[in-house]
Amino acid sequence: MCGIVGYIGHRPCINIIFDGLKKLEYRGYDSAGIAVLHQGEILVSKESGKIDNLKPSIAKLPQDARVGIGHTRWATHGLPTKENAHPHEAEHLTLIHNGIIENYKELKQELLNKGIKFRSETDTEVVAHLVAEELKVTPKPIAALQNVIKRLEGAFSLAFIVDRIPDEIFVAKQGSPLVVGLGQGETFFGSDITAFVNFTQKAVFLQDGDIAQISAEGLKLWDKNGNTLPTKITHVQWSPGSADKQGFKHYMLKEIHEQPRVVSATTQAFVKGNSLDLAALGLEKIDFKKIKTLHIVACGTAYYAGMTAKYFIEPLLGISVNVELASEFRYRDPFLMPDGQTMVMAISQSGETADTLACVKHAKDKGCQIFSICNVNYSSIVRESDSALMMLAGPEIGVASTKAFTSQVLCAYLWTLGVAQKLGRISQDELSSIITELKTLPLYLDQALNAEEYIVDLASKLYAYPNFLFIGRGMSSIIALEGALKLKEISYIHAEGYAAGELKHGPIALVDKQIPIVAILPHDHYFEKTLSNVEEICAREGQVYGLGDEKDARLKEICVQVIPCPQMKNPVFQAILSTVGVQFLAYHIAVKRGTDVDQPRNLAKSVTVE
Ligand code: AGP
C-alpha cells in the first residue's frame, strides 16, 4: 500500500504535496518522491527512507512550480531503494502508482523487446513506459490512458504528468483508493481525504474504472470505455488538528490513553437514555428477519475484534457466526446464501484494507447484505456497504491498532444489543443494566491506565526475552492473540497467543524459564479453569505474569507478578479492560528495545494491497 498526492493550481505546489505525503505516511514510509512540471520540464526528487529525507532535495526544485505529484511507498515489487521510489520517469512523462500490476512481467518483457531501458524493478515503471509508448501513437493522454488500462491486470490508482501539457494531470482508479479535492482555482488529489482536507472539503471519490483529467478548474471524468461521467461532489466533515501527539512520546501511547474518551463518545453517540439509537447504529437498512448466517471478515487486530464479537453475538442473536480472515475468505468460494439471507460484516479501521474490501465486493455480488464497522467515513468499504457503523475513535495514526480495537469491540457489542432490542431478544431491564454498567466503563478504563507505571517497570525486566506466550480462555483467549500481535508488530519479539486449554495439546512443550507467559485472568467463569492451566505451567518452571485483580491472594501466590487490571461483571467490558494491559506491555517493551513504535519496520497502517 502506498500514498499518492497531487496538486495543480495557483499556489506553489511543493510544500502542499510534501505535507500531503506526511498526512499519508501511515500508508507506507519506506521511500518517497515528488515530481513537478515547470516551464516544460519535469523535475524529480526521490529518496529511500522516511518522507523527511526528501527535504534537502526538494529544496533544489523550482519553488514556484504549480503542478506536481508525490508518492510515499510501501514496497511490493523491489527493495525500498531510491531507484525503486516513485515517481517513475519515462519519455516525456512521470508517473506514480498505488497498487499491484499483476501482469507486469509480460508487459515489461514486451517493452524490453522494443529496446526500452528500465531503471527500477517496479511494476509501476512498466506502466510509465507503456503510457509513454502509447502517447507516440495516441497523442491524446486520456485516450492513451484508456488504451493502456485495458491491458493492466490488478489494482492501481495512478497519476502522471506530461512535459508538453503544463496545465493538466491525468489519473485513473481501479481497486486502490483515489479521491479528488476541488478548491478555488486549484485541484488536489490523494489516496484519501486527509491529503488535502485542510484546503478543501469538496471531494469527488473516483470509482473503479474511472479516468480523470485534472486541471486548476476541476476535473473531467470518463469511464474506461471513453464515456463521459458526471462528477458527484461530496462535502466531507473533518476536524483538523485532532491527529497530533498532544505531548505524548508516540501516537500509539496517546491513542492508548484516548480509550476512555473514545468509549464515552461511542456511548453518547449510540445510547439514548436506557436504550440504543437504532438509526445511529445503522440498523434501519438491514433486513434481519432474512438473515440465517453471519460472516465477519477482517484482518489483523480487526479480525480479533470480530472473534471477540462472536462470543456475544451468538448467544444474544441466536445465529451462527463465522469469523474469518479476509485473505482466506475471499479465495475459498464460501457458501453464501442469496437474497440477503447471509450477512457479511466487515470490520476495518481504515476502511481501505484490500482483502477486506475484496470480500465485501464478492459478497455483494452474491446477494449478501453488507454491514461494516469502520473508522474512516467515505472510505471504500463504507461506500460499498448497505449500511455502516462509524467508530468515532478519531484518527488512529499509530500503525499498531489500539483505540480502534476497543472501539470495534464496543461498536460490535452495541450493534448486537441494538439488533437484540429491535428483534425483542433482550428485556428492557437487561438492557438498562448493561447500559448502566457501560456508562462506568470509561472510569474503569482510567483505572486500567493507572497500571502503566507498574508495566513500565515490568517491561524493563522482560524486554530482552526473545519469545513470549499469551494465554486466556473465552474472550481472554482473543485478547491473548491481540496481545501477542501487539508485541510482535512493534517490538519484533516472537510472541504467540493461545487458548489456555490448548497448552496441554502441544505448546506446553515450549514452557521453561526462558519464555515469559502472560495469563489473562479476569474474575469470570473461566477463572478456575485458567488458574489450573497456570498451575500446570508453574509445575514446569514456567514464569507466569497474571493480568487480573492484584488483590487476589491466589493470583499473587501462583504468579511471578500480577499486572493490575480492574474487574467488571460484563465479560465484554472486561475484555476491553484486559486489552489495555497488553497494549501497555507491548508499547513499553518496544520503547525499551528502541524500535520505531509508531511506524514499525515492514508495516503500514492501511494494507491496500493483497
Ligand atoms: C494491527 O495492530 C495492525 N495494524 C493490523 O493488523 C491491522 O489491524 C490490519 O491491517 C487491519 O487494518 P484495518 O482495520 O484498517 O482493516
Side-chain angles (χ1 to χ4, degrees), residues 1 3 24-29 74 176-177 191-192 194 250-253 255-256 259 296-309 323-330 344-361 372-385 388-391 393-409 411-412 470 478-479 481-492 495 497 579-580 582-587 590 595-610:
M1 67 306 312
L24 297 180
E25 197 164 28
Y26 71 88
R27 302 178 64 84
Y29 40 82
W74 183 79
S176 302
S191 298
D192 69 36
T194 55
H250 296 105
Y251 281 112
M252 181 178 175
L253 187 58
E255 288 149 9
I256 292 171
Q259 292 176 113
I296 298 178
V297 295
C299 302
T301 287
Y303 169 67
Y304 296 145
M307 287 177 71
T308 306
V323 187
E324 196 160 345
L325 288 170
S327 55
E328 289 299 312
F329 185 83
R330 68 183 288 196
V344 167
M345 178 188 283
I347 301 179
S348 174
Q349 190 283 133
S350 63
E352 298 297 348
T353 299
D355 287 322
T356 311
L357 177 59
C359 293
V360 165
K361 289 179 174 177
S372 58
I373 296 178
C374 290
N375 196 32
V376 179
N377 211 339
Y378 314 106
S379 59
S380 302
I381 290 172
V382 169
R383 285 182 280 120
E384 287 288 339
S385 302
L389 204 177
M390 299 317 298
M391 289 159 45
E396 185 176 72
I397 309 301
V399 165
S401 221
T402 50
K403 64 176 182 176
F405 175 77
T406 300
S407 178
Q408 286 159 356
V409 171
C411 285
F470 290 75
I478 312 304
I479 306 308
L481 291 168
E482 171 60 9
L485 174 61
K486 287 282 98 52
L487 187 63
K488 274 186 279 230
E489 66 176 324
I490 63 172
S491 71
Y492 316 151
T579 309
V580 173
V582 298
Q583 291 168 348
F584 272 143
L585 186 62
Y587 173 79
T595 55
D596 189 338
V597 171
D598 280 332
Q599 296 183 342
R601 69 183 183 192
N602 307 341
L603 294 181
K605 182 66 180 173
S606 174
V607 185
T608 58
V609 291
E610 289 197 34

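Read the numbers this way: they start at 1 and go in the same order the structure lists the ligands and their atoms.
Partners of Y304 by ring pair (Phe, Tyr, Trp, His ring centres under 6.0 Å), not counting sequence neighbours: none found. Listed by chain and number, the residues in a salt bridge (charged side-chain N to carboxylate O under 4.0 Å, His left out) with R383 amount to none (sequence neighbours excluded). For Y303, the ring pair (Phe, Tyr, Trp, His ring centres under 6.0 Å) test picks out no residue, with sequence neighbours left out.
Protein neighbours of ligand 1 below 4.0 Å, counting non-hydrogen atoms: C299, G300, T301, A302, S348, Q349, S350, T353, V399, A400, S401, K486, E489, V607.
Between atom CD of residue Q408 and atom OG of residue S401 there is a gap of 5.5 Å, rounded to the nearest 0.5 Å.
The backbone N or O of A495 lies less than 3.5 Å from a partner atom in the side chain of K488, making a donor-acceptor pair.
With a 4.5 Å cut-off on side-chain heavy atoms, K403 and M391 do not count as touching.
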